[in-house]
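Note on naming: letters A, B, ... go to the chains in the order of the sequence lines (proteins, then strands), and numbering restarts at 1 for each one.
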There are 2 protein chains.
Amino acid sequence: MSKPVTIKDIARKFKCSPSTVSRALNNHPAINEDTRRNLQEYAKKVGYQRNQVSLSLLNKKTASIGVIVPTINNYYESAIIEGIDAVLQPLGYSLHICVTNEQYLLEQGYVEKLLSNRVEGIFVSVSQETYDGGHYEHFENVYNRSLPLIFIDREYEGFAAGSVTIDDYLGAFVAVEHLIATGRKRIAHLRGPQGMSVADQRYRGYIECLQQHGFDRDETLIVHTDFKVESAIAPVDQLLGLPSRPDAIFCVNDQTAIGAMKVIRDKGLRIPEDIAVAGFDDSPISGYISPSLTSVARPGRQLGIEAARIFLQYQNATEKEAISEHLILPPQLMIRGSTGKRGK
Amino acid sequence: MSKPVTIKDIARKFKCSPSTVSRALNNHPAINEDTRRNLQEYAKKVGYQRNQVSLSLLNKKTASIGVIVPTINNYYESAIIEGIDAVLQPLGYSLHICVTNEQYLLEQGYVEKLLSNRVEGIFVSVSQETYDGGHYEHFENVYNRSLPLIFIDREYEGFAAGSVTIDDYLGAFVAVEHLIATGRKRIAHLRGPQGMSVADQRYRGYIECLQQHGFDRDETLIVHTDFKVESAIAPVDQLLGLPSRPDAIFCVNDQTAIGAMKVIRDKGLRIPEDIAVAGFDDSPISGYISPSLTSVARPGRQLGIEAARIFLQYQNATEKEAISEHLILPPQLMIRGSTGKRGK
DNA sequence: GACAACCCTGCAAACGTTTGAAATTTTTTA
DNA sequence: TAAAAAATTTCAAACGTTTGCAGGGTTGTC
């Protein structure tokens, strides 16, 4: 009832050897027509399922790959996974998903576990703790075993590995440039957590764009959030209370942009006439809220696809030399209502 | 360089038997102190990683479970996965994620594959095609092997299996009741695709709630969408053009609610004064758009947690009798601005 | 009728690990 | 110093499958 049927079971039943059964089920030519048919029929009847575990042991191929991400419950991350999946599942690979919750220790544990499970490659978007601490030792085993390792979203130059990232700096730069082009003079920034790669890059894009366009630096226009909607409320409130109010806010992501829009409306100000708002991520609803939100789109699915492509290159490389390809994808600015014409 | 170090390799190096190495690494008491230390040090030095595949074969335990979902790139689905993960990863389980894109054939293939990989349990949110066709044969093997099988979101009574679902009917009922309580008289419904379980249940909740409150049935107030934002545009346009306009719209999900709100605003009508809008899903932004959206929250993460809990019950049951627990979680109505006071 | 050619099946080893029982070595005891 | 006891190590089998090679049987050819 409970134990799966094995080839040996079938062999015993038919008083033949396991080899014959194996060959019959795999349509090996050197097997008698009748024998094959009988065995195949019986196997089907009893619901025989070839044991992949034993095969994996024999062939040293598991057809499974590990994906380590800080979180899964989030549009961008799951788009990446979907992209990887779209390429790799049709080729027979299984995905082992590991969620680190931004914790270094968990990440380390998952790497060990994946290695132990003999996955054929690892995709990793390193956790915040890992990134902050610069602890990359746990990837050394992966490297030593010359197992395909592909960094997603955050790059590490320590050893040869692939990486696919999105140019957050450029995305921010373009967004701010757009705000400037629409005539905004006092552009504020809802910054993300300091030390966090994506947040820092966007901040840098904001700063350098203003600089290159000859704006004076004004620290009062830069406030901090933690990416969440609520964390934008107080900072934006503060911005609007400034003696000389900003006329545009570039937000580190859409969540905070939505928070900002709420505060602005609650104060009776108009978007975009009084204040323009731009976000980052182009989440699915940004086109449908009112006003629709200008936002920088990150091609998450494409990132996953490219990462999978690089993995396959490693896999198929005849030479064992580590292919270390670094790909940087451009984000795309989606211009919508929230950065429309200024009021006078 | 590439080949992983095995216990045999270490044994050869130390001129001892594999058994000794295995015991030393596992801190077996019957191993000499020095021997153990030496072996452990060496193993660490060469980066030995126990091969879980061989262990799985030996113990017939893979510590991995399969999760089959129609899509992953979506708040609700990924919340479920996150919930399952939160319970099972700490216990050492790996998650094999399979995305069916609502296709029966893929789902069937994944079931075979998971069985072949000897996962210890399968969580499945069946694809639309499976549901429509009533094709559940591919789960028979799972059942015959008395492998824990847990249906998520869509229940199947064909054979003993666990299930955790959310009471969509009740959610819709409560939402519509709320609209009635706020004084609305002509309540329209943006219906989802016919034949789709969740959509149908919500429709039923809508219908029966109106009936129980003595409303006349008005087919012109029921229009169809495919869950997507865009698909709400034309139908809502049509609703607003009716000789006797609805004063409330109950939408099958938040996406369509957002689409509806856009059309309503574009027509110069006010929400909620002229028309109230309620959605379903309580997506993260619903509290922050303007007006904030009343919506029925589905506890996805909790669903995942409960499903995992049921799985563990199967696992730990001393008797092999199939525990078949069916859990129905209540959704929660989140009342917000979009269903506030009517205008006169 | 002998020998080759062919068809089909079985043997045995391999993948990496664990584990009960047996064997060996070392230590203790009388 | 010999026997008993304890400590440590090895043997062998097992998990399920595949596969090169050898073996056995049948048919065909001269």
Side-chain angles (χ1 to χ4, degrees), chain A residues 2-40 42-43 46-64 112-120 145, chain B residues 2-40 42-43 46-64 112-120 145:
Chain A
S2 184
K3 300 263 171 271
V5 180
T6 74
I7 271 191
K8 286 184 184 175
D9 296 333
I10 300 180
R12 212 169 301 125
K13 182 84 179 180
F14 275 73
K15 296 196 202 312
C16 69
S17 75
S19 338
T20 304
V21 181
S22 170
R23 290 198 173 96
L25 298 183
N26 290 316
N27 288 315
H28 190 288
I31 289 288
N32 182 282
E33 191 67 24
D34 292 342
T35 318
R36 169 175 27 206
R37 196 161 15 77
N38 285 335
L39 285 172
Q40 288 192 350
Y42 181 76
V46 296
Y48 169 77
Q49 280 280 357
R50 151 207 265 144
N51 185 331
Q52 266 300 339
V53 179
S54 75
L55 248 193
S56 294
L57 180 59
L58 190 60
N59 300 335
K60 298 158 176 294
K61 300 226 165 161
T62 55
S64 64
E112 296 295 309
K113 187 171 174 178
L114 291 173
L115 285 176
S116 194
N117 281 341
R118 300 292 190 264
V119 296
E120 297 183 21
R145 202 171 288 170
Chain B
S2 184
K3 299 263 170 267
V5 179
T6 75
I7 272 193
K8 285 184 184 175
D9 295 334
I10 300 182
R12 213 170 300 126
K13 181 83 180 179
F14 276 70
K15 296 195 200 314
C16 68
S17 76
S19 337
T20 305
V21 180
S22 170
R23 290 198 170 95
L25 297 183
N26 289 318
N27 288 312
H28 191 288
I31 288 289
N32 184 282
E33 191 68 23
D34 293 342
T35 317
R36 170 176 25 208
R37 196 162 13 80
N38 285 335
L39 284 172
Q40 288 192 352
Y42 182 76
V46 297
Y48 169 77
Q49 282 279 356
R50 152 208 264 143
N51 185 331
Q52 267 298 340
V53 178
S54 74
L55 248 193
S56 295
L57 179 59
L58 191 59
N59 300 335
K60 299 158 175 296
K61 300 225 164 161
T62 54
S64 64
E112 297 295 310
K113 187 171 173 178
L114 291 173
L115 285 176
S116 194
N117 281 335
R118 297 296 187 264
V119 295
E120 298 183 20
R145 202 171 286 170

Nearest to side-chain heavy atoms of [X], which nucleotide of [options]:
X       : options               : value
B:Ala30 : D:dC15, D:dT17, D:dT9 : D:dT9
A:Arg50 : C:dT17, D:dT18, D:dT9 : D:dT18
B:Thr35 : D:dT17, D:dT10, D:dT9 : D:dT9
A:Thr20 : D:dT17, C:dG16, C:dT9 : C:dT9

I'd like to know if the side chain of [X] and the backbone of [Y] have a donor-acceptor N/O pair within less than 3.5 Å.
X        : Y        : result
B:Ser116 : A:Arg50  : yes
A:Asn32  : A:Asp34  : yes
B:Gln52  : A:Arg118 : no
A:Asn38  : A:Thr35  : no

Are [X] and [N] close enough that a side-chain N or O sits under 4.0 Å from OP1 or OP2?
X       : N      : answer
B:Lys60 : D:dA14 : no
B:Ser17 : D:dT9  : no
B:Ser54 : C:dC15 : no
B:Ser22 : C:dT17 : no
B:Lys61 : D:dC15 : no

What pairs of nitrogen or oxygen atoms, one from the protein and one from nucleotides 4-7 of chain D, lie under 3.5 Å apart?
none

Over the length of the helix from C:dG1-D:dC30 to C:dA30-D:dT1, how much do the five-pair end axes diverge, rounded to 10 degrees?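 So the angle between the two local helix axes works out to 70°.
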Hey, which of these two, A:Ser19 or B:Leu57, hits DNA chain D nearer its 5' end, going by closest nucleotide?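 The residue closer to the strand's 5' end, by nearest nucleotide, is B:Leu57.
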CG of B:Leu55 to OG1 of B:Thr62: how many Å apart, nearest 0.5 Å?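 So the CG of B:Leu55 and the OG1 of B:Thr62 are separated by 11.5 Å.
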Roughly how far, to the nearest 0.5 Å, is the OH atom of A:Tyr48 from the CG atom of A:Leu39?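 With rounding to 0.5 Å, CG (A:Leu39) is 11.5 Å from OH (A:Tyr48).
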Would you mind classifying the nucleic acid contact of [X] as base, sugar-phosphate or nothing, using non-hydrogen atoms under 4.0 angstrom?
X       : result
A:Leu58 : base
B:Asn26 : sugar-phosphate
A:Tyr48 : sugar-phosphate

With the criterion being N/O to N/O and under 3.5 Å, what pairs connect the protein with nucleotides 21-27 of chain C, and how long is each?
none

Indicate whether any N or O donor in one side chain lies under 3.5 Å from an N or O acceptor in the other, for B:Ser22 and B:Ser19.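 Result is no, nothing qualifies.
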Please report, rounded to the nearest Å, how far the C1' atom of C:dG10 is from the NZ atom of A:Lys8.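 Going from A:Lys8 (NZ) to C:dG10 (C1'), I get 15 Å.
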To the nearest angstrom, how far is A:His28 atom NE2 from C:dC8 atom C1'?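 From A:His28 NE2 to C:dC8 C1': 11 Å.
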